[in-house]
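Remarks on the structure that follows.
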Amino acid sequence: MLAKKEPTNVIGEPLEICGKDPVTGFFRDGCCNTGPEDMGNHTVCAVVTDDFLAFSRSRGNDLTEARPEFGFPGLKAGDGWCLCAGRWREALDAGCAPRVRLKATHRAALEVCDLADLKKHSVDLS
């Protein structure tokens with residue numbers, strides 16, 4: 001029997017929790033875990049900012065709006081949230097990428113984002 005492999009982050013360590021208040025993650029487990037059903041690659045653990053939230057709203061995804069039917073209270077600046085890697089990259093290109101918790105960012109983010117860019121926006125590595 002094969003042992004289940006622990007998910008790892010972009011720096012090769014075990015994946016840490018991104019956010020529990022509100023609960024984030026594609027699987028709503030607090031972590032930026034991913035799998036085949038996660039078509040958006042929700043793997044970048046970001047500390048969202050007002051600038052990023054405005055950017056996301058301008059792209060048609062208002063993350064500040066509560067969606068009770070999905071158990072989503074809406075986000076405010078400072079919340080930890082698992083973003084789609086592509087949206088984080090898009091925000092980076094637009095100059096408004098939020099800071100990133102590398103220890104909670106799943107290694108699958110590297111399919112879309114450069115590690116050097118993620119490190120430049122890191123809040124948990126010096």
Side-chain angles (χ1 to χ4, degrees):
M1 176 148 90
L2 294 173
K4 183 176 178 182
K5 187 175 179 184
E6 289 291 319
T8 55
N9 60 34
V10 293
I11 54 177
E13 297 173 350
L15 186 65
E16 292 185 3
I17 291 172
C18 180
K20 289 280 192 177
D21 184 22
V23 178
T24 190
F26 180 79
F27 299 107
R28 291 301 189 261
D29 59 359
C31 294
C32 297
N33 286 309
T34 191
E37 54 278 284
D38 179 11
M39 301 302 284
N41 192 355
H42 293 80
T43 54
V44 176
C45 179
V47 179
V48 298
T49 62
D50 288 329
D51 285 345
F52 172 76
L53 292 169
F55 173 78
S56 186
R57 185 179 320 109
S58 77
R59 297 299 193 260
N61 187 16
D62 186 356
L63 295 171
T64 64
E65 182 181 332
R67 299 290 305 266
E69 67 273 25
F70 300 116
F72 179 66
L75 299 179
K76 63 186 179 321
D79 286 340
W81 197 250
C82 296
L83 297 180
C84 294
R87 179 56 47 103
W88 186 87
R89 179 71 193 190
E90 185 182 356
L92 176 70
D93 292 343
C96 59
R99 302 297 303 261
V100 175
R101 290 192 55 236
L102 294 178
K103 293 179 180 183
T105 296
H106 195 284
R107 59 184 259 138
L110 298 175
E111 295 170 8
V112 178
C113 304
D114 291 328
L115 182 57
D117 291 331
L118 293 168
K119 283 183 174 181
K120 286 178 192 171
H121 289 80
S122 171
V123 296
D124 57 352
L125 291 183
S126 45

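- With sequence neighbours left out, Arg67 forms a salt bridge (Lys or Arg N to Asp or Glu O under 4.0 Å) with Glu69.
- Across all non-hydrogen atoms, the minimal contact from Gly30 to Ile17 is O-CG2, 3.4 Å.
- Val112 forms part of no hydrophobic cluster, judged by ILVMFWY side-chain heavy-atom separations under 4.5 Å.
- Counting heavy atoms from C-beta on, the side chains of Leu15 and Glu6 never come closer than 4.5 Å.
- Arg107 places no side-chain N or O within donor-acceptor distance of the main-chain N or O of Asn9, the cut-off being under 3.5 Å.
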Could you please spell out the steps behind the disulfide bond (SG atoms under 2.5 Å apart) verdict for Cys82 and Cys45?
CA-CA 5 Å; Cys82 296; Cys45 179; 5.6 Å; no
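- Side-chain N or O atoms of Asp124 include one that pairs as donor or acceptor with a backbone N or O of Leu102 at under 3.5 Å.
- Applying the salt bridge (Lys or Arg N to Asp or Glu O under 4.0 Å) rule to pairs touching residues 79-90 yields Arg59-Glu90, Lys76-Asp79, Arg87-Glu90, Arg89-Asp93, Arg89-Asp114, Arg89-Asp117, sequence neighbours excluded.
- For Thr105 (side chain) and Val10 (main-chain N/O), no donor-acceptor pair under 3.5 Å exists by modelled atom type.
- Side-chain atoms of Glu111 and Thr43, non-hydrogen and from C-beta on, never get closer than 4.5 Å to each other.
- The distance from atom CZ of Phe26 to atom SG of Cys31, rounded to the nearest 0.5 Å, is 14.5 Å.
- Criterion: ILVMFWY side-chain heavy atoms under 4.5 Å apart, direct or through other members. Under it, Leu63 and Val47 are not part of a common hydrophobic cluster.
- Pairs engaging residues 51-82 under the ring-ring contact (aromatic ring centres under 6.0 Å, His included) rule: Phe72-Trp81 [sequence neighbours left out].
- Proximity of a side-chain donor or acceptor of Thr49 to a complementary backbone N or O of Pro98 within less than 3.5 Å is not detected.
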Distance-only donor-acceptor pairs under 3.5 Å for side chains of residues 32-39, two or more places apart:
residue	atom	partner	partner atom	Å
Asn33	ND2	Asp29	OD2	2.7
Thr34	OG1	Asp38	OD2	2.8
Asp38	OD1	Gly40	N	3.3
Asp38	OD1	Asn41	N	3.1
Asp38	OD1	His42	N	3.4
Asp38	OD1	His42	ND1	2.6
Asp38	OD2	His42	N	2.9

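- The CG atom of Asn61 lies 9.5 Å from the CG atom of Leu83; values are rounded to the nearest 0.5 Å.
- Side-chain contact check for Val100 versus Ser122: every heavy-atom pair is 4.5 Å or farther apart.
- Taking Ile, Leu, Val, Met, Phe, Trp and Tyr as members and joining any whose side-chain heavy atoms lie under 4.5 Å apart, directly or through other members, Val23 forms no hydrophobic cluster with any other residue.
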